[in-house]
Amino acid sequence: MDRYNFKIIEKKWQSYWEKKKIFKASIDKKKQKFYCLEMFPYPSGKIHMGHVRNYTIGDVLARYKSMQNYNVLHPMGWDSFGMPAENAAKQNKLDPKTWTEKNIETMKTQLKQLGLSIDWDREISTCSEDYYKHQQSFFLDLFDKGLVYRKENYVNWDPVDETVLANEQVIDGKGWRSGAVVERKKLNQWFFNITKFSSDLLDGLNQLDKWPNKVKVMQKNWIGKSFGCEIDFKIKSKLPVKEIKCFTTRPDTLFGFSFLALSVDHPISEYFKNDDKFVKFKNECAKTGTTEESIANAEKIGFKTDIKAVNPLDETKEVPVYFANFVLMDYGFGAVFGCPAHDQRDLDFARKYKLKILPVVCPPEKSKNFEIDKEAYTGPGIIFNSQFLNGLKVPDESIIKTIDILETKKLGKRKINFRLKDWGVSRQRYWGCPIPIAYNKNGDVVKIPKENLPVKLPENIKLDVKGNPLEHQKDWREVIINGEKCIRETDTLDTFVDSSWYFLRFCSSNNKNNGFDLNEIKYWMPVDQYIGGVEHAILHLLYSRFFMRALGHDTKDFIKLEPFEGLFTQGMVCHETYKDSNNNWLSPDEVETKDGKNFFKKNNPSEKIKIGPSESMSKSKKNTIDPQNIINSYGADAVRFFILSDSPPEKDVQWSEQGMISSFKFIQKFWSLHKMILDLKINKNINQPEKIEIFTNQMIDKITRNLENFHYNVIIANLYEIYNYFSKNINNVNNKDNLLKNYEKILKVISPVIPHLSNECLDDLNAQDRDKWPVVDKQFLIKEKFDIVIQINGKKRDLMSFTNEINEKELLIEIKNNERLKKFLESKEIKKSVYIKNKLINLII
RNA sequence: GCCCUCGUGGUGAAAUUGGUAGACACAAAGGACUUAAAAUCCUUGCCGCUUGCGGAGUGCCAGUUCGAGUCUGGCCGAGGGCACCA
């Protein structure tokens, strides 16, 4: 028997799909559309297993939906701006463009080898002028709408590389490349006004019922809405300032007020800039690391001023004002009213500086002598020690009533505050989308006129310079706009901007004049199913949601504002890690085993290998498996089959060589089975009881449900069941036409997972409508026999089979005659029975 | 510290609405075929005894129910997110 030659057959189908443009999408208003999108890759060199998993999941869905007669849009592109290209260029003396384009070429070939059902005519690359000129145009639109602005802000500044670092690039307070201690530096930067939509972005989450709850919770926390009030505290000092504004969620604890703390960047700090001690303190604060953990664990320190703040509810009470390291300038008003009894942070600070700690919330079942020890009390209770607030119920009543009082007395007003900050989009880098802005000699912002777009990145430039290479391009920087000599902005846009609208571009990616064609968008958007890693739960997904709102802002005739109707976050691909005796990481190809327990360095059985835990594949731990090798040895169908097989797609999956091999064997076995079915010689063509219809229709039903619910690992189990069923029953069949009719349906329902093999098999059968999903014939969803569980006192005691439906009375008679049940029922009275028809009976004795 | 998710054999995992726990695989052990190996196929799977039978059993403890992996409360454990957010 001939073996299944995946190399020839997979190639054959891939070129068939490509030549016939099978996956080309276009508007067809008679059909319901389905936009299936996987997060597009960064072209880093070659594809990795994570891509294989991500795109296999998406492809199964796209193929299934297309067979369900949806008009499917399934595009692919490249998130091709970003630092790795710049770094690689420096190392390899290639310019970023060449490096990137070469990678795209490689990865595109690899993705095609996976047999993905992608409309390649819509391919986009964010680093191409065709793409970024529209992005520049959107930037100007947003500028006109007032959603883009420029302000000075603190950044992580690497003094050695002379560049700004993202938070993720600061490790233990040091630059990830240079190792230099990162400084906080104020720079003029461009911002997108995402906070304008804080409330809307939060509310929008409620509609996203096809999103994982986890992601919605993460976004909700990130937006961080809190309800409270702003209070103007009168201050007594020699300064010309009379009031300090604070935001608080707990105005009801105002009588426990014992200090007021300011950020070192608070406007009032201006009056202290000549105070050596204050400057020293401020520097001290700047030193505490920039990582979240070091901030959280940092000791609370303060700088006492001679300012006093007055308690607005009791003007006889005055408290000291401090500058403190824990107060953030960019939340609230950069000033905090401290109530140590009911806030742990305030309590730590108060203990350190020996400030008064007066409890004003009495927990239930505590007496009025309640005192605070090491922990602040933040729970519910009754207000006390608070004059006219006494007796209010904490938290709801007390907070609302206090705000009412403050508002009537004009001492404050209710306010909703968000944690979300505006999105800083300036990056001091070369390989990104140039910001279409210049500055005239007065330093005023001048827009590059739209007809002059794109602002192209200069090519062949020197990258091996300190700071942003664009700053060194004098001839590029100088530009004349409306006859005025200007200097271009040299910052480029954060690459997250590129990915915030690429899903719109896919709808009309060849439109030269506009970033998107509204008609196309109205048909295709929103993305029905978006699939990608959970690591983008916040930034990318939130920015994309913002971008839809920003583009639609003040615009009539726009579309739904949520870009992604359904979201699926797939798990990672993991592999064991290996270390040699010198603690160096080893890749799986450098390791071998004979008994499956002990591992040795290849060709060196004396060197034992330490096996580490299975972790997500990463180059640094060398625990990667190159998909190219796997595709070469086992073929695309086998890889697709394996990558879906072991774990549910939302969970991490363990790479296993054994599993891969047995997936490969499955493909081979299935092919042999297929040949056997074709060659089957049956003389008598009698119609048998409809057993095979029952199996087939139940299987179609199962697989359909599993597809709908992303239970792709169970579909693989279904595939094994199919194989087992056919190989066991093939010789009991006595009507070949009927066998083939059902087998053909089966081949169709497995084609989303293993499209090459099933298309080849369908071809052998000369199958019609192979791109149509078989309809379940409900008459065959009946059971061929009824297995009824007999429980006695809730315990399973027997299983009785009946060919026909049976009622309780008849069943009880059968039970009485059942030898195996006699010992349980003898001399016992059945007090009660619960019968679930044709399924189960529970006898209580 | 706060928030979210998840705990099922040696392993990865299945299990519509509460209704046969462990589908389907991986690994292991035993067996069949073979001169032998590989491949393939079959059996086993926790505890007890006599082919068979009985018992326990879905992290632990309680509760609801005729019946709980599934629902409720408490505890323990693991993973993830946020982290001085006033």
Side-chain angles (χ1 to χ4, degrees), chain A residues 212-222 224-226 228 230-231 246-251 253 260-261 263 288 291-300 324-328 330-339 343-346 348-349 375-376 378 417-421 534-535 537-538 595-597 614 642 645-648 650-654 656-663 665-666 669 702 705-706 709 711 713-724 787-799 820 823 831-836 839-844:
Chain A
N213 199 42
K214 176 172 67 171
V215 175
K216 286 192 278 186
V217 169
M218 280 161 77
Q219 291 212 356
K220 188 179 166 218
N221 294 340
W222 189 262
K225 179 179 180 173
S226 42
E230 55 177 73
I231 301 175
C246 290
F247 171 76
T248 177
T249 55
R250 292 302 301 274
T253 62
L260 200 146
S263 160
T288 33
T291 63
E292 272 105 24
E293 211 191 334
S294 61
I295 291 169
N297 299 333
E299 203 191 348
K300 290 169 186 45
N325 64 341
F326 60 83
V327 185
L328 308 168
D330 47 11
Y331 184 81
F333 301 98
V336 176
F337 109 81
C339 175
D343 182 293
Q344 192 59 43
R345 181 203 51 210
D346 294 349
D348 295 344
F349 189 79
E375 281 185 15
T378 54
N417 225 350
F418 293 94
R419 216 184 66 115
L420 186 68
K421 288 167 193 136
V534 73
E535 65 273 17
I538 297 175
D595 53 4
K597 285 176 202 154
S614 182
F642 174 70
S645 67
D646 272 2
S647 298
E650 70 275 14
K651 281 183 46 175
D652 287 355
V653 66
Q654 178 72 32
S656 127
E657 185 75 25
Q658 279 310 318
M660 186 59 242
I661 291 168
S662 59
S663 299
K665 282 182 190 161
F666 178 85
K669 273 159 53 178
K702 270 194 212 173
R705 275 209 313 268
N706 287 331
N709 296 312
H711 293 169
N713 55 324
V714 189
I715 293 176
I716 302 300
N718 296 147
L719 271 147
Y720 278 108
E721 284 178 64
I722 288 167
Y723 175 83
N724 293 343
D787 291 331
I788 300 181
V789 178
I790 316 298
Q791 290 185 343
I792 295 172
N793 288 341
K795 248 179 209 148
K796 181 188 162 194
R797 291 301 180 186
D798 201 10
L799 190 66
R820 279 168 303 201
K823 62 180 168 191
K831 290 177 190 152
K832 187 181 175 180
S833 72
V834 180
Y835 181 47
I836 312 296
K839 241 182 177 174
L840 174 143
I841 189 163
N842 191 4
L843 306 171
I844 309 305

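Labels below follow one simple rule: chain letters A, B, ... track the order of the sequence lines, proteins then strands, and each chain is numbered from 1.
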Next on the checklist: Taking the P atom in each of B:A37 and B:C33, what is the distance between them to the nearest angstrom?
Outcome noted: 12 Å
Checklist entry - Hey, what do you get for CD1 (A:Ile841) to CZ (A:Arg797), rounding to the nearest 0.5 Å? => result 15.5 Å
Item to check | Under the salt bridge (Lys or Arg N to Asp or Glu O under 4.0 Å) test, residues paired with A:Lys216 that sit two or more places apart | outcome: none
Checklist entry - So, does the side chain of A:Arg250 form a donor-acceptor pair with the base of B:A86 at under 3.5 Å? => result no
Checklist entry - Does A:Asn713 make a side-chain N or O approach to OP1 or OP2 of B:A14 shorter than 4.0 Å? => result yes
Item to check | Euclidean distance for C1', B:C61 against B:U50 (whole angstrom) | outcome: 38 Å
Next on the checklist: Any N or O donor-acceptor pair under 3.5 Å from the base of B:C3 to the side chain of A:Lys220?
Outcome noted: no
Checklist entry - Think A:Asn221 has a side-chain N or O under 4.0 angstrom from the OP1 or OP2 of B:C85? => result no
Item to check | Donor-acceptor contact below 3.5 Å, side chain A:Asn842 vs main chain A:Val834 | outcome: no
Item to check | Under 4.0 angstrom between A:Ser833 side-chain N/O and B:C66 OP1 or OP2 | outcome: no
Item to check | Side-chain N or O of A:Arg419 closer than 4.0 Å to phosphate OP1/OP2 of B:C82 | outcome: no
Item to check | Short side-chain N/O contact to B:A13 OP1/OP2 from A:Ser647, under 4.0 Å | outcome: yes
Next on the checklist: Can you see if the side chain of A:Tyr720 gets near the phosphate of B:A25 - specifically, an N or O under 4.0 Å from OP1 or OP2?
Outcome noted: no
Checklist entry - Between A:His711 and B:A15, does any side-chain N or O lie under 4.0 Å from OP1 or OP2? => result yes
Next on the checklist: For a quick check, with a 4.0 angstrom heavy-atom cut-off, what is the B/S/- contact string for nucleotides 38-52 of chain B, read 5' to 3'?
Outcome noted: --S------------
Checklist entry - Is any side-chain nitrogen or oxygen of A:Lys832 closer than 4.0 Å to OP1 or OP2 of B:C66? => result yes
Checklist entry - Rounded to whole angstrom units, what separation is found between the CZ atom of A:Phe326 and the P atom of B:C84? => result 12 Å
Checklist entry - Just to confirm, is there a sub-4.0 Å distance from OP1 or OP2 of B:G67 to any side-chain nitrogen or oxygen of A:Gln791? => result no
Checklist entry - Is the phosphate of B:C26, meaning OP1 or OP2, less than 4.0 Å from a side-chain N or O of A:Ser662? => result yes
Item to check | Atom pair distance, as rounded to whole Å: CD in A:Glu721 and C1' in B:G22 | outcome: 14 Å
Checklist entry - For A:Asn718, which residues count as a side-chain hydrogen bond (donor to acceptor under 3.5 Å, both in side chains) partner, sequence neighbours excluded? => result A:Asn706, A:Glu721
Item to check | For A:Tyr331, side-chain hydrogen bond (donor to acceptor under 3.5 Å, both in side chains) partners two or more places apart | outcome: A:Ser226
Checklist entry - Has A:Lys795 got a side-chain N or O lying under 4.0 Å from the OP1 or OP2 atom of B:G67? => result no
Checklist outcome for this item: With sequence neighbours left out, the residues meeting side-chain contact (heavy atoms from CB on, under 4.5 Å) with A:Ser645 are A:Phe642, A:Ile716
Checklist entry - What is the nucleic acid contact for A:Ser656, judged by heavy atoms within less than 4.0 Å: base, sugar-phosphate only, or nothing? => result nothing
Next on the checklist: What is the separation between atom CG on A:Asn709 and atom P on B:U17, rounded to the nearest whole Å?
Outcome noted: 10 Å
Checklist entry - Can you tell me which stems RNA chain B forms when a stem means 3 or more consecutive Watson-Crick or G-U pairs under 3.5 Å? => result B:1-7 with B:76-82, B:10-12 with B:24-26, B:28-32 with B:40-44, B:46-49 with B:52-55, B:59-63 with B:71-75
Next on the checklist: Rounded to whole Å, please give me the gap between CG in A:Asp330 and P in B:A86.
Outcome noted: 13 Å
Next on the checklist: Taking syn as a glycosidic torsion within 90° of 0 and anything else as anti, which one is B:G9?
Outcome noted: syn
